[in-house]
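Sequence positions, counted from 1, serve as the residue numbers for this chain. Remember, it's 1-based here, ligands and their atoms both numbered in the order they're listed.
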Amino acid sequence: MIAHKKLPNGFEYIEIKNSTTEAKIALQGAHLFHYARVGEEPILWLSEVSDFEYKKAIRGGIPICWPWFGFNEDKSLPQHGFARTSIWQFISSEEVDKQTAALILRMTHNEETLKMWPYKFELELHVIISKRLTIKLKTTNKDEKSFKISQALHTYFGVLDICEVTVKGLDKKPYLDALTWNHEIQTGDVTFNQEVDRVYQEVDGEIVLSDRNREVYIKSRGSSSVVVWNPWIEKTKRMSAMKEDAYKSMLCIETSNAFADARVLKSKESHTLKADIFTKPL
Ligand code: BG6
């Protein structure tokens, strides 16, 4: 079942339900804010106090950071770009089989985006909702001139207890510590007992988030950078749309093209950032 729905305030989203999976994706930001396998804890974390309001990013799910990741040198422009707060166009949905749905959403430049970022573009999100989640974000340069993008599929994963989580696949990888702006090298698995905000570079293999009862696998394509973020206690108090203890049950592992991994696209060129996400019980 694929249904177009609206919240009482008019906020539009698409609900997908099939024999294995449930998902919800908002037209604002092409933002997948729910993805769960039937009978299991949701794979994506969603803040209990998140807003579903136009012009505000949903706290949780997979916000799309584009055409820049993080802050812009021009501080009047929004952090993580404008794609996550723009209304996307619904292009198509298909029930491929009893367990699989495929959706396409699109965004193109308009008067408002050209004021913030002076390039013509087409951005397409292809989502496959099944036992595994596949997300492809394709950027096409529709301008005469080249442009540079940094971007992220800013995925919030739900975890049972952040103190018990390990992230595998980043051993010996260089990273930029966004808390100190120092360049460091990872030793061993990533564990959490304080605020972590890092941009790992030169990442090639799969990342495994190991939680108390399951492992979540993240396979990325078109990307060699991964952002790992947990705001921990103090920053969570300052975050919008997050309860004080929310840091305990979430972890962002973001398939990215961030910092040194930003991409330049010439006129008519395309680049696709892809994440494949699936779980295995422990
Ligand atoms: C992460 C950044 O990707 O996003 C963090 O590394 C930032 O520094 C976080 O705090 C959340 O950003 P926002 O704009 O959604 O509050």
Side-chain angles (χ1 to χ4, degrees), residues 26 28-33 44-86 116-117 135 137 149-159 162 165 167 170 173-184 186 190 192 194-201 203 207 209 218 220 223-262 273 275 277:
Q28 172 170 282
H31 194 141
L32 186 72
F33 61 93
L44 299 180
W45 179 85
L46 177 65
S47 172
E48 291 165 58
V49 289
S50 183
D51 299 303
F52 287 89
E53 274 175 43
Y54 286 120
K55 304 274 173 207
K56 267 186 160 183
I58 299 166
R59 177 70 67 202
I62 311 187
I64 292 174
C65 304
W66 190 96
W68 58 86
F69 172 81
F71 59 83
N72 190 291
E73 278 170 26
D74 177 349
K75 293 285 182 301
S76 69
L77 294 175
Q79 154 129 319
H80 290 327
F82 49 75
R84 64 177 178 165
T85 49
S86 299
M116 291 186 271
W117 198 64
I135 291 239
L137 181 64
I149 50 163
S150 56
Q151 57 180 343
L153 301 169
H154 190 310
T155 313
Y156 286 79
F157 290 99
V159 299
I162 188 68
V165 162
V167 176
L170 296 169
K173 300 295 178 196
Y175 68 85
L176 175 66
D177 190 328
L179 302 175
T180 59
W181 299 110
N182 288 335
H183 290 271
E184 312 276 359
Q186 178 66 35
V190 187
F192 302 86
Q194 59 185 339
E195 184 179 352
V196 169
D197 195 348
R198 300 176 185 167
V199 185
Y200 286 88
Q201 300 285 351
V203 181
I207 307 287
L209 186 177
I218 305 143
S220 305
S223 155
S224 63
S225 53
V226 171
V227 179
V228 177
W229 176 61
N230 182 287
W232 212 250
I233 301 164
E234 288 310 314
K235 186 165 175 177
T236 301
K237 292 181 188 160
R238 303 193 302 273
M239 297 293 303
S240 61
M242 263 178 118
K243 280 175 106 177
E244 269 199 22
D245 62 353
Y247 74 95
K248 291 181 184 166
S249 57
M250 54 74 60
L251 174 64
C252 286
I253 302 179
E254 311 168 28
T255 295
S256 317
N257 294 125
F259 292 88
D261 189 27
L273 179 66
I277 295 169

Tell me the protein heavy atom at minimum distance from [atom], and give that distance in Å.
atom	value
atom 11 (C) of ligand 1	Trp229 CH2, 3.6 Å
atom 16 (O) of ligand 1	Arg59 NH2, 3.1 Å
atom 1 (C) of ligand 1	His154 NE2, 3.3 Å
atom 12 (O) of ligand 1	Gln79 NE2, 3.3 Å
atom 10 (O) of ligand 1	Lys235 NZ, 2.7 Å
atom 6 (O) of ligand 1	Asp197 OD1, 2.6 Å

Closest heavy-atom pair and its distance - [X], [Y]:
X	Y	result
Val159	Lys248	CG2-O, 3.6 Å
Thr236	Pro231	OG1-CG, 3.4 Å
Ser50	Ala241	CA-CB, 4.0 Å
Asp261	Ser225	OD2-OG, 2.8 Å
Gln28	Thr85	OE1-O, 3.7 Å

Could you list the atoms of ligand 1 found under 4.0 angstrom from a heavy atom of [X]?
X	result
Phe69	3 (O)
Glu254	1 (C), 3 (O)
Met239	16 (O)

Approximate separation, where rounding is to 0.5 Å, of Glu244 CD and Met242 CE
11.5 Å
For ligand 1, does Arg84 get within less than 4.0 Å through its side chain, its backbone, both, or neither, judged by non-hydrogen atoms?
side chain
Any side-chain heavy atom of Gln201 within less than 4.5 Å of one from Lys173?
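Heavy-atom side-chain distance check fails, nothing below 4.5 Å.
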